[in-house]
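Okay, so here's the structure we're looking at.
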Amino acid sequence: MTPDLSRIIQSVLIEIISEKIVERLTATKRKALVLLDMSDYGIGDAVQQLNKLHSDSWSLDVAATREVLGAIPSTFPGRALAIPQADWTLVDAASPMTVISSLLSKNEMLIVPNMSLSLAAKVANGISDDAAARFMVSALESGKPIVAAKDGCCPACRAQDGRPFAANDAYRAMMISHLEKLDAFGVRLCRAAKLSGAVEASLPKLLAGSAQPKGIQKVSLISPQAPAIIKADSKRVFGWRDAKMVHGAIVNIAEGVVVTPLALEELKARDIRVVRH
């Protein structure tokens, strides 16, 4: 076996092992706390999406207020969560912070599948005078990622719900302002029907350990240079980790450099074109 071939095989083996490590890390991060609120907008889609996450090997803890529990089954018409109610944690305004902190610390993110307008308004203005708001505020203050369905507090969603919604422009602007604040806080907002996708999209940030607020970004005033060519004499194997580091629409790779299948999949998923030289 030639030295060059030996190095190529070694690099491919290292990449395969790295992939397995990433898979293991991903599995450990697939833990979320589900906070059920009182809104019934989009609740059918929300429960369906939560069950999808559960079937996709997500470990889901559920927290609900006694009022939410009392609203079942009317709030969940004809649908049931895969997590049995016996395993839910019941909370109320008198619940100690230790209970809330313990539930949040055991999970990697907070999911609010049916956020109400009242909850959005409270959290947007830093008010935490009930159990649901205390969960969201505590998650924000501890840097815990939050994914929330906006069906109950977005004017565009409400207008498409089929129920009467004739609020004036000022009221709609108020609703939008709450969502804008939550978005600025770093809450990932989505429709209930897209909940599982939004949760899965938060995994890369969890794996990277990024806690940087979304609104704070470094802006470069220097025009980007053309992508450098990855040459055969400097790198014989272009692997998945290399593909993850690529930014832009094109990666230039010289002839003689082996591009692994995992790297090609990563580039294709991000619409990055490989140009051979």
Side-chain angles (χ1 to χ4, degrees), residues 27 29-92 95 99-100 103-104 106-123 130-136 139 144-165 175 178-179 182 187-203 206:
K29 294 289 185 179
R30 297 169 77 87
K31 299 173 65 177
L33 173 63
V34 177
L35 173 64
L36 296 179
D37 200 11
M38 285 296 292
S39 173
D40 64 347
Y41 289 96
I43 192 62
D45 289 330
V47 172
Q48 189 176 36
Q49 292 289 296
L50 289 172
N51 286 342
K52 182 179 185 304
L53 289 170
H54 186 267
S55 66
D56 289 342
S57 301
W58 275 81
S59 173
L60 301 176
D61 289 334
V62 178
T65 64
R66 300 183 192 281
E67 292 79 9
V68 167
L69 190 65
I72 297 172
S74 60
T75 308
F76 297 80
R79 297 184 182 273
L81 274 176
I83 305 92
Q85 292 182 26
D87 295 335
W88 296 9
T89 300
L90 293 183
V91 293
D92 54 35
S95 297
V99 173
I100 293 174
L103 284 170
L104 286 173
K106 289 193 302 182
N107 292 279
E108 298 297 332
M109 73 170 70
L110 177 66
I111 302 173
V112 189
N114 60 331
M115 182 170 61
S116 65
L117 179 59
S118 174
L119 178 58
K122 287 183 177 183
V123 177
D130 61 22
R134 286 163 69 192
F135 267 107
M136 284 194 72
K144 193 77 67 174
I146 302 175
V147 177
K150 61 182 180 180
D151 298 53
C153 43
C154 167
C157 298
R158 293 280 292 271
Q160 298 171 7
D161 179 70
R163 284 176 272 185
F165 182 73
M175 297 173 73
H178 296 331
L179 295 177
L182 293 178
V187 177
R188 184 185 287 269
L189 301 168
C190 64
R191 294 293 299 265
K194 304 289 187 180
L195 188 65
S196 63
V199 171
E200 293 284 1
S202 299
L203 265 181
L206 285 173

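Source: prediction; values computed, not measured.
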Check against side-chain contact (heavy atoms from CB on, under 4.5 Å), His54 and Leu81
CA-CA 9 Å; His54 186 267; Leu81 274 176; over 6 Å; no

Would you please test His178 and Cys153 for side-chain contact (heavy atoms from CB on, under 4.5 Å) and show each step?
CA-CA 9 Å; His178 296 331; Cys153 43; over 6 Å; no

Dump the intermediate steps for side-chain contact (heavy atoms from CB on, under 4.5 Å) on Leu33 and Asp61, then the final yes or no.
CA-CA 5 Å; Leu33 173 63; Asp61 289 334; 3.8 Å; yes

Stepwise side-chain contact (heavy atoms from CB on, under 4.5 Å) test for Val147 and Leu195:
CA-CA 8 Å; Val147 177; Leu195 188 65; 3.9 Å; yes

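In this structure, Arg134 CZ and Ile100 CD1 are separated by 4.0 Å, a value rounded to the nearest 0.5 Å. Between the CG atom in Asn107 and the OG atom in Ser59 there is a gap of 6.5 Å [rounded to 0.5 Å]. Residue Phe135 holds its CZ atom at 11.0 Å from CG of Asp130, rounded to the nearest 0.5 Å. Atom CE in Met38 sits 11.0 Å away from atom CG in Leu36 (nearest 0.5 Å). Distance CE/Met175 to SG/Cys154: 7.0 Å, rounded to 0.5 Å. The structure places CG of Leu60 at 6.0 Å from CG of Leu53, a figure rounded to the nearest 0.5 Å.
Closest approach of Ser202 to Ala198, counting heavy atoms only: OG-O, 3.1 Å. Closest non-hydrogen pair, Trp88 versus Ala64, comes out as CE3-CB, 4.1 Å. Nearest heavy atoms, Ser39 versus Gly152: OG-CA, 3.8 Å. Of all heavy-atom pairs between Ala46 and Pro113, the closest is CB-O, 3.4 Å. Residues Gly197 and Gln49 come closest through the heavy atom pair N-OE1, 4.3 Å. Looking at every heavy atom in both residues, Leu119 comes nearest to Ala132 through CD1-C, 3.7 Å.
Residues satisfying the side-chain contact (heavy atoms from CB on, under 4.5 Å) criterion with Ser118, sequence neighbours excluded, are Ser116, Lys122. Partners of Lys106 according to the side-chain hydrogen bond (donor to acceptor under 3.5 Å, both in side chains) rule, which considers only residues two or more places apart in sequence or in another chain, do not exist here.
Not one N or O on the side chain of Trp58 forms a donor-acceptor pair closer than 3.5 Å with the backbone of Glu200. Checking side-chain atoms of Glu108 against main-chain N and O of Lys31 turns up no donor-acceptor pair under 3.5 Å. A donor-acceptor pair is defined here as one N or O able to donate and one able to accept, closer than 3.5 Å; such a pair exists between the side chain of Asn114 and the backbone of Asp37.
Of the candidates Ile146, Val187, Leu182, Leu182 is the only one forming a side-chain contact (heavy atoms from CB on, under 4.5 Å) with Val123.
Annotation: salt bridge (charged side-chain N to carboxylate O under 4.0 Å, His left out) contacts involving residues 149-163, sequence neighbours excluded, comprise Asp40-Arg163, Asp151-Arg191, Asp161-Arg163.
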